[in-house]
Amino acid sequence: MATEPVIIDCDPGQDDAVALLLALASPGDLNVLAVTAVSGNVPLELTAANARRVIELAGRSDVPVHAGCDRPLLRPAVTAEHMHGQTGLDGAGLPDTATALADGHAVEAIIELLRERPSGSVTLCPVGPLTNVALALHLAPDIADRIGRIVLMGGAAGPGNVTPSAEFNIYVDPHAASIVFRSGAPIVMLGLDVTQQALVNADRLAAIAAVDTPVSRSVVGMLDFYGARSRVNPSAGSPLHDPCAVAYLLDPGLFAGRPCHVMIEVEGTHTLGRTVVDRSGRADTHPNATVIDEVDAGGLFALLTERLARLTA
Ligand code: BDR
Ligand code: CA
């Protein structure tokens, strides 16, 4: 089978880092054309550096990393050092990056890569706020028809994790999310409904530790740090959000969901950034996204562990 060309737009972030490693460990399935960084978990300067620290860890410094937007389209930046640490990648034990940023803004890179490749062939995998993707769609509306699909981590049909209503990636830049969900590009949404089923527990962490490579040791360090802060239910484990989007690209059979119309709240006093998932078709009968709400978590962690073991650099 041909590999799927993919651009990963991210704000590393420990779970973003694991998502990147999962993709880079899977060259038989995914051709990572570029990694684009956005302001999110920590400011852009750090997310762009962290993306390069992770590709170096994977032995893939050949993958271009482009720096993108340093703040949301309209709102002031919101970051999450309380979850990810001051560097955004606390626990990883990685050195400073020795790799240069690729030339060109991330938004330009997204537009160019979509225009130079056959229409419908490139997948976007955003796992941070949607600012870069939205700005690309705004500056180059022709790309909406050229995107093969957008498989993103963000949103929730149920409760949020920043406010009672909103999930972090959508809350940080709701206007960008609104542009993306109204773009007409095919979207697969992996929100908290599914990522909070993908729980890192002691057994799963031990299986990754048993791989015993520099990559697995770094991943265990990151998951220890991040897991201690993101735990929803201490006895069950901590959610591993962003790798779910990459795992969906690798093995969609691990997941279940259904087409729905999703609207983004950009004005609500208590509901800003909410993904309103219209399961009943009351507001709109035309689905704009496949909303995933189930995962075989055991299968997902088996896939992750097996792929991480391939990164022996
Ligand atoms: C999302 O927010 C970030 O903190 C994580 O990296 C993930 O993308 C989860 O709400
Ligand atoms: Ca993220």
Report yes or no: do [X] and [Y] belong to one cluster of Ile/Leu/Val/Met/Phe/Trp/Tyr joined by side chain heavy-atom distances under 4.5 Å?
X      : Y      : result
Ile147 : Met153 : no
Ile110 : Leu137 : yes
Leu304 : Ile8   : yes
Phe225 : Met222 : no
Val200 : Met83  : no

Donor-acceptor under 3.5 Å ([X] side chain, [Y] main chain):
X      : Y      : result
Asn288 : Val262 : yes
Ser165 : His270 : yes
Thr305 : Phe301 : yes
Asp224 : Gly221 : no
Asp15  : Asp242 : yes
Ser238 : Gly227 : yes
Thr163 : Ala166 : yes

Distance (rounded to the nearest 0.5 Å) between [X] [atom1] and [Y] [atom2]:
X      : Y      : atom1 : atom2 : answer
His138 : His175 : NE2   : NE2   : 13.0 Å
Leu254 : Asp296 : CG    : CG    : 5.5 Å
Asp90  : Glu81  : CG    : CD    : 9.5 Å
Asp193 : Glu294 : CG    : CD    : 11.0 Å
Ser183 : Leu130 : OG    : CG    : 10.0 Å
Arg52  : Leu57  : CZ    : CG    : 15.0 Å

What are the two closest heavy atoms between [X] and [Y], and how far apart are they?
X      : Y      : answer
Pro129 : Asp11  : CD-OD2, 3.5 Å
His66  : Ala102 : CE1-CB, 3.5 Å
Leu113 : Leu33  : CD1-CB, 4.2 Å
Ala198 : Leu300 : CB-CD2, 4.5 Å
Leu46  : Gln86  : CD1-O, 3.4 Å
Asn41  : Gly13  : ND2-CA, 3.6 Å

Derivation and outcome, side chain to side chain contact (heavy atoms under 4.5 Å, CB included), residues Val54 and Asp16: CA-CA 10 Å; Val54 174; Asp16 302 73; over 6 Å; no
Qualifying salt bridge (Lys or Arg N to Asp or Glu O under 4.0 Å) pairs with a residue from residues 142-160, counting only residues at least two apart or across chains: Glu4-Arg149, Arg115-Asp142
[Y] versus [X], side-chain donor and acceptor atoms under 3.5 Å:
X      : Y      : answer
Thr47  : Asn50  : no
Glu56  : Thr97  : yes
Thr213 : Arg217 : no
Asp173 : Thr131 : yes

SB check Arg307 Asp251 (cutoff 4.0 Å): no
Verdict with reasoning, Ser26 to Leu250, per side chain to side chain contact (heavy atoms under 4.5 Å, CB included): CA-CA 8 Å; Ser26 308; Leu250 297 173; 3.6 Å; yes
With heavy-atom distances below 4.5 Å as the criterion, would you say the side chains of [X] and [Y] are in contact?
X      : Y      : result
Ile170 : Val162 : no
Ile292 : Val188 : yes
Phe168 : Leu192 : no
Ile55  : Leu24  : yes
Val194 : Asp293 : no
Val172 : Arg75  : no
Leu152 : Leu190 : no
Val35  : Pro64  : no

Does [atom1] belonging to [X] count more than 12 external heavy atoms closer than 6.0 Å?
X      : atom1 : value
Glu116 : CD    : yes
Glu45  : CD    : no
Tyr171 : OH    : no
Asp96  : CG    : no

Pair Glu167-Thr275, side chain to side chain contact (heavy atoms under 4.5 Å, CB included): steps then yes or no: CA-CA 8 Å; Glu167 180 279 332; Thr275 42; over 6 Å; no
Residue pairs fulfilling ring-ring contact (aromatic ring centres under 6.0 Å, His included) with at least one residue in residues 78-100, sequence neighbours excluded: His84-Tyr226
Residue pair Cys69, Leu135: steps toward the side chain to side chain contact (heavy atoms under 4.5 Å, CB included) verdict: CA-CA 9 Å; Cys69 296; Leu135 194 54; 3.7 Å; yes
Derivation and outcome, side chain to side chain donor-acceptor pair (under 3.5 Å), residues Ser39 and Arg71: CA-CA 6 Å; Ser39 168; Arg71 58 188 184 278; over 6 Å; no
